[in-house]
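Reminder, nothing fancy here: chain letters follow the sequence lines and each chain counts from 1. Atom set for the values below is all heavy atoms of this structure, side chains included, hydrogens, waters and symmetry mates excluded. In this text, all values refer to a predicted model and were calculated from it rather than measured experimentally.
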Protein chains: 2
Amino acid sequence: MKPHSKTAPHPRPHPDDWKQSLRRRSGRVTRSRQVILEILRHKPCPLTPQEIAQALAPKHCDLATIYRTLARFEELGMVQRVDLGDGRARFEIAEDQPGGRHHHHLVCRGCSRIVEIDDCIPAELEAQMARQHGFQQITHKLEFFGLCPKCQVRS
Amino acid sequence: MKPHSKTAPHPRPHPDDWKQSLRRRSGRVTRSRQVILEILRHKPCPLTPQEIAQALAPKHCDLATIYRTLARFEELGMVQRVDLGDGRARFEIAEDQPGGRHHHHLVCRGCSRIVEIDDCIPAELEAQMARQHGFQQITHKLEFFGLCPKCQVRS
DNA sequence: GTGGATGCAAAGTGTTTGCATGGAC
DNA sequence: GTCCATGCAAACACTTTGCATCCAC
């Protein structure tokens with residue numbers, strides 16, 4: 001069940017295209033920015049700014065810088081914000097970027113483990129909603145919560 | 001399209017049952033608590049603690065009290081927390097309470113207007129996910145975002 | 001009268017901003 | 001050399017907590 005199949009897949013940019021698009025917008029390709037992007041590309045789940053800071057701990061990067069970088073990357077459409085309802089922001093590679101894809105998350109209520117999920121809601125559901133309420137450009141956030149096998153035993 | 005039909009509807013408690021269930025748990029039925037519940041019952045969309053404070057402005061109730069009351073009500077299963085991704089908590093009557101029902105929200109990205117939506121994801125989707133990843137007691141959060149008719153004109 | 005609820009103030013937590021310095025181009 | 005990015009500290013918004021007082025029972 002993967003009803004959210006893209007009809008016209010985006011052109012896949014070269015992994016380093018971002019450097020040019022950043023420079024074009026008078027931004028600079030700094031070491032921090034490269035490392036942050038590397039970390040996001042290699043992690044299987046969305047990360048909080050704190051987690052990113054830890055991941056690049058040896059090279060120490062200020063939290064404020066991480067926030068600013070992520071905000072910039074979000075503007076450029078390189079990363080997207082994920083909200084799992086615990087009051088802290090998480091970021092992952094945007095779904096139309098190399099290494100990204102449209103997906104949702106299944107979060108364990110016990111240990112907070114995050115599993116990525118490819119299933120999605122029927123596209124027709126959004127279309128119908130758009131018609132019914134006159135809204136346009138509809139997007140959605142869908143997250144699942146449950147108890148993972150380990151935490152079922154524990155409780 | 002309303003695939004989330006309840007098979008066995010909860011017994012509908014009397015609107016004032018909460019007073020007894022609160023007292024049973026050694027809680028007290030104070031004026032603040034009654035008014036807060038009244039406000040939530042009469043509003044068509046989830047409210048932030050701030051909005052609740054405004055709504056009962058003449059009778060002034062401290063924000064801390066509102067937070068504590070909502071936390072208590074949430075424990076008792078009377079209200080539920082809604083997260084629309086803007087970093088502030090919202091609350092509404094729980095879906096199995098009198099006046100509540102399972103629903104989701106469609107939020108305007110322009111003016112933040114909130115519309116309640118009865119559509120839901122196919123129950124089969126959750127069931128399959130449970131099987132596939134071994135999770136249990138799966139719940140979901142589903143929120144839609146778009147541009148309402150007014151904001152389409154503006155932009 | 002007792003124990004829980006409230007108001008007020010202070011502390012927490014995640015995030016953002018101001019400003020001087022450092023580094024990409 | 002110019003201008004943007006960074007680090008550090010202060011400011012912010014929302015939420016939680018401590019404590020003396022108040023009130024439901």
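A donor-acceptor contact closer than 3.5 angstrom is absent between the side chains of B:His140 and A:Glu143. Residues A:Glu92 and A:His105 bring a donor and an acceptor atom of their side chains to less than 3.5 Å of each other.
Of the side-chain N and O atoms in A:Ser32, none sit less than 4.0 angstrom from OP1 or OP2 of D:dG7. Listed pair B:Arg68 / C:dT6 fails the phosphate criterion, with no side-chain N or O lying under 4.0 Å from OP1 or OP2. Under 4.0 angstrom from either OP1 or OP2 of D:dC25 there lies no side-chain N or O belonging to B:Thr30. Not one side-chain nitrogen or oxygen of A:Arg28 sits closer than 4.0 Å to the OP1 or OP2 atom of D:dA5.
Between the CZ atom of A:Arg88 and the C1' atom of D:dT15 there is a distance of 14 Å, given to the nearest Å. Between A:Arg72 atom CZ and D:dA5 atom C1' the separation is 10 Å, expressed in whole Å. Counting to the nearest Å, the C1' atom of C:dC25 and the NZ atom of A:Lys19 are 14 Å from each other.
Distance check, rounded to the nearest 0.5 Å: CG of B:Leu56 to CD of B:Gln34 gives 12.5 Å.
Taking the nucleotide of DNA chain D with the nearest heavy atom to each of B:Arg23 and A:Asp62, the more 5' of the two is matched to A:Asp62.
A donor-acceptor pair is defined here as one N or O able to donate and one able to accept, closer than 3.5 Å; such a pair exists between the side chain of A:His104 and the backbone of A:Leu142.
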